[in-house]
Amino acid sequence: MLHTRICDLLGIEHPIISAPMAGTSTAELAAAVSNAGGFGMIGSRAQPDPEWLREQIHTARELTDRPFGVGFISSAPRMERAVEVAIEEKVAAISHSFADVTPYVSAAQAAGIKVLAQVQTVALAESAALAGVDVITAQGTEAGGHTGHNGTLPLVAAVIDIAGGIPVLASGGIGDGRGLAAVLMLGAEGAWIGTRFVASLEWGGPDWVRQKVTEASIDDTLLTRVYDLAGAAPFPPEIGHRVLRNDFTDTWHGRDQEIIARRQELQDQIDAAALAGDHRIASVNAGGATGLIDRVEPAGDIVRRIVAETEAILRSRPGQVLGGKD
Ligand SMILES: Cc1cc2nc3c(=O)[nH]c(=O)nc-3n(C[C@H](O)[C@H](O)[C@H](O)COP(=O)(O)O)c2cc1C
């Protein structure tokens with residue numbers, strides 16, 4: 001049986017955390033992951049909506065009696081009230097990404113809530129460790145959605161080196177048991193997974209996005225700022241956005257000043273395309289793991305399969321590579 005320190009810390013069976021995905025990892029997905037023995041995260045909306053979040057937390061509580069958490073895009077303006085709601089509701093854990101976590105640690109911990117910081121650099125990991133977080137998630141550039149520029153493999157190892165014993169999760173590019181086994185061997189305590197759960201029945205976004213994630217290959221993703229520039233999205237400039245390449249990214253990637261000059265017109269196009277399900281223009285957040293996904297499944301099945309694959313690999317592979325018979 002797989003068991004790591006994160007299982008004890010969060011009160012879960014399997015070291016798999018479903019990533020907070022703004023507005024689309026809703027109560028249904030979080031509860032399904034938690035019911036399967038992982039740790040489900042509700043993603044607070046990018047434009048914070050405290051009452052929506054409270055309803056999501058209540059719905060998750062109706063769907064599971066197991067622990068789950070809430071994650072924030074902490075660089076977004078006016079999110080303080082939504083964070084207060086998560087604390088008032090005493091969710092098991094709160095994660096912060098894309099901003100310094102320091103201001104958020106003490107109030108949550110005083111309420112008995114674990115604080116997770118998702119970081120993209122060693123410098124951010126150092127400040128999260130200093131701030132006293134309970135868990136650091138090292139997010140590699142392979143991740144779907146907003147992310148940094150360091151690869152998961154070296155970033156996880158480097159963050160473990162400076163974490164001073166704080167448990168580290170690996171995020172970015174993990175789509176099956178091979179990925180989870182690999183990061184456990186690096187010393188991570190578990191995997192924080194987004195893209196694989198986009199292709200789940202319980203994910204709260206549109207069907208056409210789910211479908212695209214099952215069809216795309218690893219070669220189809222791009223780290224870009226085209227959508228963030230058009231939408232004036234609240235992310236620091238060093239944070240990119242990993243999406244599926246399409247006509248829009250082929251046309252506009254790298255033309256930052258022109259995008260800014262034509263912001264309204266482009267954002268109108270993007271909004272219309274998202275409503276119409278036009279994947280040639282609308283954004284699809286997806287990481288490299290998209291190339292490992294060929295079907296939409298219940299989230300619980302995804303958790304159970306990744307665990308079973310990881311256990312099988314950890315049983316057979318060490319013997320093979322150490323020269324023994326497996
Ligand atoms: C559709 C989607 C939306 C995301 N939204 C958020 C978010 O709101 N907050 C956040 O911290 N991370 C967000 N992320 C990034 C995830 O937290 C995580 O780093 C990433 O999914 C891990 O890599 P993977 O997609 O390869 O599994 C999102 C990722 C995806 C795919």
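Note that the structure is predicted; figures quoted are calculated from it, not measured. Both counts, for ligands and for their atoms, begin at 1 and track the order of listing.
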- Message: When you compare ligand 1 with His146, is there at least one nitrogen or oxygen pair between them that comes in under 3.5 angstrom?
- Response: no

- Quick check: does Trp203 get an N/O under 3.5 Å from an N/O on ligand 1? no

Atoms of ligand 1, numbered as shown, that sit under 4.0 Å from any heavy atom of [X]:
X	value
Ile193	27 (O)
Gln139	15 (C), 18 (C), 19 (O)
Ala22	5 (N), 6 (C), 7 (C), 8 (O)
Ser171	18 (C), 19 (O), 22 (C)
Asn285	1 (C), 2 (C), 3 (C), 31 (C)

Is it the case that over 12 heavy atoms from other parts of the model lie below 6.0 angstrom from the [atom1] atom of [X]?
X	atom1	answer
Arg245	CZ	no
Ile218	CD1	no
Glu80	CD	yes
Arg263	CZ	yes

Heavy atoms only, cut-off 4.0 Å: how does [X] contact ligand 1, side chain, backbone, both, or neither?
X	result
Arg196	neither
Thr195	both
Ser97	side chain

[atom] - nearest protein heavy atom and its distance:
atom	answer
atom 17 (O) of ligand 1	Trp192 NE1, 3.1 Å
atom 27 (O) of ligand 1	Gly194 N, 2.8 Å
atom 26 (O) of ligand 1	Gly173 N, 2.7 Å

- Message: Going by the rule side-chain contact (heavy atoms from CB on, under 4.5 Å), which residues pair with Arg295 if we only count those two or more places apart in sequence or in a different chain?
- Response: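 In terms of side-chain contact (heavy atoms from CB on, under 4.5 Å), with neighbours along the sequence ignored, Arg295 is linked to Glu297.
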
- Query: Under 4.5 Å between any side-chain heavy atoms of Phe197 and Val303, yes or no?
  - Reply: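 They are in side-chain contact.
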
- Message: Would you say that Trp52 contacts Thr26 through its side chain, given a criterion of any heavy-atom pair below 4.5 Å between the two side chains?
- Response: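 Contact flag for Trp52/Thr26 side chains = yes.
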
- In Å, rounded to the nearest 0.5 Å, how long is the span from CD1 of Ile17 to CH2 of Trp192?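 If we round to the nearest 0.5 Å, Ile17:CD1 and Trp192:CH2 are 7.5 Å apart.
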
- Would you give the length of the straight line joining atom CD1 of Ile166 to atom CZ of Arg5, rounded to the nearest 0.5 angstrom? 9.5 Å

- Message: Give me each pair satisfying ring pair (Phe, Tyr, Trp, His ring centres under 6.0 Å) with a member in residues 19-47, each pair once, sequence neighbours excluded.
- Response: none

I want to confirm something. Looking only at heavy atoms, which of [options] is nearest to [atom]?
atom	options	value
atom 2 (C) of ligand 1	His96, Met21, Met41	Met21
atom 12 (N) of ligand 1	Pro20, Ala19, Ala76	Pro20
atom 15 (C) of ligand 1	Ala143, Ala46, Ser25, Gly144	Gly144

- Please state whether Gly172 comes within less than 4.0 angstrom of ligand 1, counting heavy atoms only.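 Yes, Gly172 has a heavy atom closer than 4.0 Å to ligand 1.
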
- Message: Quick check on Thr24 - does any of its heavy atoms sit under 4.0 Å from an atom of ligand 1?
- Response: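 Distance cut 4.0 Å: Thr24 fails for ligand 1.
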
- Query: Parallel, tilted or perpendicular: which describes the rings of Phe235 and Phe98, with under 30° parallel and over 60° perpendicular?
  - Reply: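 Ring orientation, 0 to 90° scale: perpendicular.
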
